[in-house]
Amino acid sequence: MTCSKQPFQPIDSQRVTMYVCGPTVYNRVHIGNARPAVVFDTLYRLLTSLYPNVQYARNITDIDDKIMKTAAELGEDISVLSTRYAEAYFDDMQALNNLPPTIVPYATQHIPEMTDMISRLVAKEHAYESEGHVLFAVQSMADYGKLSGRSLDDMLAGARVEVASYKKYAGDFILWKPSADDEPGWDSPWGRGRPGWHLECSAMIEKHLGESIDIHGGGQDLIFPHHENEIAQSCCAHDGKPVANVWMHNGFINIEGEKMSKSLGNFRMVNDLLEQYPGEVLRYVILSAHYRSEQNFGKDLLDSAWRSLDAIYGFLRTQVGIEAAAVDIADTHAYAALLDDLNTPVAISELHKFAREMNAADGDALAEAKGRLLAVAGLMGLLQQDPEQWFTHSRGGSDISAEEIEVLIAKRNQAKADKDYAGADGVREELKAMGVVLEDSREGTKWRRG
Ligand SMILES: [Zn+2]
């Protein structure tokens with residue numbers, strides 16, 4: 001809101017509250033939708049390292065005109081469609097190593113809370129009923145537009161505001177709209193209908209987190225109109241109390257230097273990317289940029305992120321037997337960077353420093369370096385896999401399964417035992433051609449894709 005960095009002061013240091021706008025579930029999500037989930041999951045991990053109770057809510061919008069349209073095309077009930085894509089979203093988010101939020105409220109499970117909030121807004125004369133709709137009267141709020149810094153005139157000139165007969169003023173937005181008989185709807189004081197999108201978040205924040213929360217997050221594209229309208233609804237329903245003390249917005253993701261758009265057809269869906277890259281590579285790429293900056297996303301970045309993770313997992317693999325020491329990371333540069341408006345690029349470069357230190361150390365210093373590396377990486381949801389497991393991830397080009405690789409390694413061991421060295425080399429070459437590299441050591445033969 002202030003467009004500046006401020007020291008974070010929670011309303012209640014025993015219970016920190018954060019709300020992030022979640023997806024509208026009618027299709028798979030693209031990498032741009034994954035960015036806020038990864039950024040605010042990292043913030044959630046960081047806040048959890050500082051405060052005893054962090055309540056993080058991320059909603060599911062399961063009633064929306066896009067959901068209704070897609071469900072009608074498929075001849076499905078909206079709940080069948082939205083449940084399928086909500087589950088798919090959870091799968092994608094888990095693959096990116098996002099923790100489940102503390103609260104996942106669904107819009108359709110909060111209709112009474114929404115109609116209740118609308119009634120209060122109508123009673124306070126911030127909203128009015130017209131032709132079965134209920135609209136928020138933006139001119140009833142003196143400082144409407146303060147988050148995006150726009151005046152009403154700017155908004156009307158620049159935005160896609162719909163002019164409609166039921167609106168008293170073109171900038172007014174819908175809180176409730178009527179549903180036709182064949183459309184999903186709920187009974188309300190204004191007839192059978194459904195809520196407007198902006199209203200959902202205000203009602204769910206009030207119900208689960210309270211009238212004022214500590215942090216509200218989301219993508220930069222939500223500042224106007226969505227967050228502006230959340231502020232209007234909540235603030236006017238609560239006699240001027242702010243809905244959130246801190247607003248944080250992540251920047252856009254571009255694909256190979258271009259904006260993601262329907263016309264360019266360059267959306268990168270998370271589930272498609274996961275067929276080529278481990279989720280941790282996507283997460284590493286997202287966190288390698290500062291959350292407020294615009295981020296360019298592309299093959300080179302993904303490949304280089306994969307090599308960077310290989311390098312650190314490679315160090316960890318050689319130190320598998322070393323128990324990581326429990327260390328205090330409070331005085332590290334990496335932790336300070338994360339506390340400074342979530343400076344993940346600096347924290348990631350520190351991870352590489354810790355890994356090099358670990359590689360050069362031995363004894364207690366080695367255990368401590370490993371402890372520091374894993375503790376800081378854990379705050380970003382990185383490097384928590386078994387290093388052996390990491391190197392078995394398919395790298396494209398090779399479809400051979402782990403079981404088939406083990407069978408071939410056994411065959412090679414047998415050939416070596418039979419002193420058939422040409423046969424043993426043959427197996428090694430065969431695997432190499434399929435992108436699998438063998439490494440012999442005293443403990444036996446290890447393999448990795450690469
Ligand atoms: Zn929202």
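Start at 1 and go down the list; that is how both ligands and their atoms are numbered.
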State the atom name: nearest N, O or S atom of His226 to the Zn ion (ligand 1).
NE2

Atom name in Glu230, limited to N/O/S, at shortest distance from the Zn ion (ligand 1)
OE2

Taking 4.0 angstrom as the limit, do Asp303 and Arg307 come out as a salt bridge?
no

Should the pair Arg283-Asp41 be classified as a salt bridge under the 4.0 Å nitrogen-to-oxygen rule?
yes

Give me the ring orientation class for Phe173 and Tyr144: parallel if the planes are under 30° apart, tilted from 30 to 60°, perpendicular past 60°.
parallel

Over 60° means perpendicular and under 30° means parallel, so classify the ring planes of Phe8 and Tyr51, tilted if in between.
perpendicular

Can an N, O or S atom be found in His227 less than 2.8 Å away from the Zn ion (ligand 1)?
no

